[in-house]
Student: 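Sharing a structure with you now.
Throughout, protein chains are lettered first and strands after them, A, B, ... in sequence-line order, and every chain is numbered starting at 1.
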Amino acid sequence: MYQDQRPAYDPDRIETKWQKKWAAEDTFKAEFPSAKPKFYGLVEFPYPSGAGLHVGHPRSYTAMDIIARKRRMEGFNVLYPIGYDAFGLPAENYAIKNHVHPSIVTQENIKNFRAQLQKLGFSFDYGREVDTTDPNYYRWTQWIFLQLLKHGLAYKAEMPINWCMSCKCGLANEEVVNGVCERCGGQVVRKVKSQWMLRITQYAQKLLDGLDTVDFIEKVKVQQRNWIGRSEGAEVDFTIAGTQDQMRVFTTRPDTLFGATYMVVSPEHPFIEKYQDVIRNYAEVTAYRETAARKSDFERTELNKEKTGVELKGLYAINPVNGQQIPIWASDYVLMSYGTGAIMAVPAHDTRDHAFAKAFGLPIVEVIAGGDVETEAYTDVADGMLVNSDFLNGLRVAPAKAKIIDWLEEKGLGERKINYKLRDWVFSRQRYWGEPIPVVHCPHCGAVPLPESELPVLLPNVENYEPTDNGESPLAHISDWVDTTCPQCGHAAKRETDTMPQWAGSSWYFLRYTDPHNDAAFASKQAQDYWMNVDWYNGGMEHTTLHLLYSRFWHLFLYDIGAVTSPEPYQKRTSHGMILGENGEKMSKSRGNVINPDDCIADIGADATRLYEMFMGAFDQAIPWSTNGARGCRRFLDRVWRLMENIREGKGFQKELAPVMHETIKKVGDDYEAMKFNTAIAAMMSLVNAFSAAGGCTRDELKTLVLLLAPVAPHICEEMWEQLGFGSEIAYVAWPKYDPEAMKRSEVEIAVQVMGKLRGHIMVNPEMTDAQAQHELPAREDLRAIMGDKQLMKLIYVPGRLCNLIVK
RNA sequence: GUGGGCAUGGUGGAAUGGCAGACACAAAGGACUUAAAAUCCUUCGCUUCGGCAUGCGGGUUCGAGUCCCGCUGCCCGCACCA
């Protein structure tokens with residue numbers, strides 16, 4: 001044994017040293033071409049805000065960094081890229097306030113983000129950085145838009161959209177949360193505007209089916225499925241009495257058709273205007289309609305609200321199954337945006353219809369036996385039996401459904417139909433800082449896509465970034481940019497002044513990483529063939545029905561047009577939990593509980609910051625920050641560092657430590673793969689405790705620990721690796737292997753239970769079989785002592801864990 | 001309402017149906033120090049010392065934090081979706 005005086009652990013010095021070396025030597029460059037197997041690990045690229053990196057970023061980035069670093073040690077050619085999702089409102093708002101071009105602010109922010117990321121020692125290949133605001137990048141975003149347009153998936157439509165009063169900008173459905181703007185919390189109202197739309201609904205089924213082929217955490221699949229909202233049913237035509245006209249409804253319960261006692265249409269339903277001469281109380285209906293229009297979608301759909309409505313007096317429909325004439329009502333609980341904007345009401349078996357019928361004294365007819373339909377709607381579909389339904393009587397719900405749909409189709413009264421809740425994607429934004437939509441409006445030819453050779457359509461310089469109250473983009477004022485000629489007929493024409501939403505650039509960025517400097521294509525076929533798909537994508541749950549869904553849609557589309565070679569872009573998707581403030585609340589400036597990663601690094605170093613973020617709790621759960629907890633992680637690294645001062649002589653592992661060494665190698669590797677970083681780190685802490693108990697560790701034991709810890713705390717491990725004389729770079733040293741044989745112990749302590757209660761412990765050979773245990777254990781003195789004078793009836797033996805004695 | 005998840009010490013959290021509380025944080029005591037910091041060593045769920053304890057009540061099992069049934073509470077998603 002020898003004593004060794006070394007300088008104390010100094011993360012500042014070590015971390016700077018290794019970060020410089022990695023940058024200078026391009027240590028984490030993803031090789032292409034390469035004969036090695038590849039691994040593509042992806043994290044969501046940040047929006048480079050002025051506030052700088054949040055402690056939430058390193059949680060995701062460190063986790064994937066651990067996987068990426070482990071893969072390199074396992075012999076993979078690793079692509080772990082980073083970039084900047086840099087279009088967006090904050091830069092634009094800053095520009096409005098300070099009259100600085102958003103690109104200048106953006107570039108400054110990117111510089112700051114890059115420096116912060118580098119200080120954390122992530123093994124990104126910075127040579128492949130992408131920036132969505134770079135014309136060489138957004139040129140391809142525009143190119144993809146042109147393909148969508150060419151294939152009929154982008155279209156312009158006059159439609160009521162969600163309009164944020166404060167951003168003065170249209171929003172996608174996905175961006176409206178609880179009736180307010182997801183970004184600024186501003187009030188959202190309905191505004192009719194001509195908007196670019198993407199037909200994501202055409203991909204509803206593919207988006208659903210694709211989920212069965214990928215390895216996403218279940219939570220993500222469930223949320224996407226709910227969002228897409230598939231429901232199976234039928235569309236049925238009701239004739240308007242006295243006309244040949246038909247009103248079509250969608251229902252998931254065609255089996256209850258005999259119980260339809262009235263119909264309800266949305267206040268916006270076109271039949272109201274169409275039959276204004278027939279409707280006797282048209283003035284009343286119009287008044288109701290106006291009240292409904294003034295309400296936001298949120299108010300209209302608020303829960304526990306009294307049902308309101310108005311009868312369209314004089315207008316009746318004929319129930320196609322029994323020829324009965326039934327009244328038609330208008331109510332705002334029926335939405336124009338789902339189904340056909342009209343429903344058949346079956347108050348006996350639908351809670352909403354029941355409430356409405358009770359409120360307005362409409363008849364309730366029971367068609368499924370089993371409940372008391374006067375008191376409440378009977379909605380159980382499992383046990384119900386059809387009654388009062390002519391040829392459906394006596395059938396259960398499921399067969400009745402099948403039979404009635406066949407009957408409707410045969411008679412031409414309706415058809416099987418699948419509906420989705422998913423809406424088309426509102427794709428235009430009336431703002432400056434986004435990708436220009438590469439389209440020209442020509443008075444003769446209409447909306448004309450620009451030829452691909454004219455890409456990129458560059459954002460012009462403007463003086464004033466302020467959006468206008470009439471809903472026009474600031475670009476509309478730049479006449480020498482707006483005024484152009486039609487690429488089709490050559491006449492004077494105007495450019496589209498709306499820009500794309502922030503989701504555009506992030507919908508395909510993972511493809512660009514495979515070949516970021518390509519001028520001829522968004523990525524070469526060869527690069528895609530080698531790198532795609534993304535093997536593992538970690539990101540936030542908040543993007544499940546936004547970015548994650550949008551990018552799957554774009555990729556499915558690119559697959560359909562032969563631009564990419566697989567339908568799904570991501571093989572595996574995991575998600576990290578949020579980091580909360582020390583008070584357990586969500587971190588925010590207004591709550592004053594924001595933790596700045598720079599401060600944490602200055603306090604305990606980057607390695608300890610990374611270690612703490614991985615140790616603080618289960619990776620997928622929300623966890624409050626604890627400065628003390630973080631310091632505890634720093635203390636652990638101090639202890640690891642000091643292990644170098646007291647190295648025991650001898651090769652290999654000390655005999656008594658060999659089993660725990662091998663167990664730790666196995667556990668740390670397995671736990672990293674399962675993203676159970678907290679228990680992996682706990683195992684390494686235990687190992688260090690075991691070294692202390694043993695009076696020190698050997699050089700080989702320390703070597704193993706350093707290799708295991710390197711993915712989490714790379715700087716200190718590189719430094720120790722070098723100081724211990726193992727070489728000059730740990731990043732590509734082989735990941736340690738464990739030997740299952742070496743984990744075996746000759747004797748272990750097992751618990752002895754009597755009638756399931758813990759009563760003592762004995763030492764046994766863990767290899768002992770059940771047969772041996774049944775034979776040997778009852779004869780043992782120590783066991784008999786625990787058992788006392790009871791009579792043994794049965795012995796349950798669990799190898800290496802316990803034995804339970806059933807006695808009389 | 002509906003879909004999903006969760007409930008374990010003072011705190012964050014461990015635990016393939018098999019010794020509940022690993023690993024940390026905090027706290028308390030001690031050693032070293034003129035002193036403090038750092039470090040090291042103890043203690044650390046409750047207990048009337050029989051036991052009792054994983055939100056509550058049942059059940060299955062030799063054995064339940066873990067599985068099943070019924071509640072309560074919290075978190076997240078969706079929400080009048082016909």
Student: May I ask you to verify if any side-chain N or O of A:Asn226 is less than 4.0 angstrom from the OP1 or OP2 atom of B:rG77?
Tutor: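 Negative; the distance criterion is not met.
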Student: Taking only residues two or more places apart in sequence, or in another chain, which ones meet A:Phe677 in a ring-ring contact (aromatic ring centres under 6.0 Å, His included)?
Tutor: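 Once residues adjacent in sequence are excluded, the partners of A:Phe677 under the ring-ring contact (aromatic ring centres under 6.0 Å, His included) criterion are A:Phe619.
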Student: Would you tabulate the nitrogen or oxygen pairs shorter than 3.5 Å linking the protein to nucleotides 12-21 of chain B?
Tutor:
| from | atom 1 | to | atom 2 | distance (Å) |
| --- | --- | --- | --- | --- |
| B:rG12 | O2' | A:Met616 | O | 2.6 |
| B:rA14 | OP1 | A:Asn678 | ND2 | 3.2 |
| B:rC19 | O2 | A:His761 | NE2 | 2.5 |
| B:rC19 | N3 | A:His761 | NE2 | 3.2 |
| B:rC19 | N4 | A:Glu749 | O | 3.3 |

Student: Between A:Asn689 and B:rA24, is there a side-chain N or O to OP1/OP2 distance below 4.0 Å?
Tutor: yes
Student: Can you list the steps and then say if A:Glu613 with A:Arg59 is a salt bridge (Lys or Arg N to Asp or Glu O under 4.0 Å)?
Tutor: CA-CA 6 Å; A:Glu613 291 217 9; A:Arg59 195 168 189 202; 5.7 Å; no
Student: Given the structure, check if the side chain of A:Lys421 and the base of B:rC78 hold any donor-acceptor pair shorter than 3.5 Å.
Tutor: no
Student: With respect to the phosphate group of B:rC40, does any side-chain polar atom (N or O) of A:Arg639 fall under 4.0 Å of OP1 or OP2?
Tutor: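 So the side-chain polar atoms of A:Arg639 do come within 4.0 Å of the phosphate oxygens OP1 or OP2 of B:rC40, strictly under.
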Student: When the C1' atoms of B:rC32 and B:rU42 are considered, how many whole Å apart are they?
Tutor: 15 Å
Student: With heavy atoms under 4.0 Å as the rule, sort A:Arg642 into base, sugar-phosphate or nothing.
Tutor: sugar-phosphate
Student: Quick one: label A:Gly632 by what it contacts on the DNA or RNA (base, sugar-phosphate, nothing), any heavy atom closer than 4.0 Å.
Tutor: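 The answer is sugar-phosphate, as A:Gly632 gets under 4.0 Å only of primed atoms, P, OP1 or OP2.
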Student: Return the stems involving RNA chain B, sorted by first number, where pairs are Watson-Crick (N1-N3 with N6-O4 or O6-N4) or G-U wobble (N1-O2 and O6-N3), both under 3.5 Å, and runs are 3 or more long.
Tutor: B:1-7 with B:72-78, B:10-12 with B:23-25, B:27-31 with B:39-43, B:55-59 with B:67-71
Student: When you check the phosphate oxygens OP1 and OP2 of B:rA26, does a side-chain N or O of A:Arg635 lie under 4.0 Å from one of them?
Tutor: yes
Student: Report which part of the nucleic acid A:Ser231 touches: base, sugar-phosphate, or nothing (heavy-atom distance under 4.0 Å, all strands).
Tutor: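 Sugar-phosphate only.
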Student: Quickly, which of A:Ile681, A:Leu611, A:Ile579 forms a side chain to side chain contact (heavy atoms under 4.5 Å, CB included) with A:Met616? Name it, please.
Tutor: A:Ile579
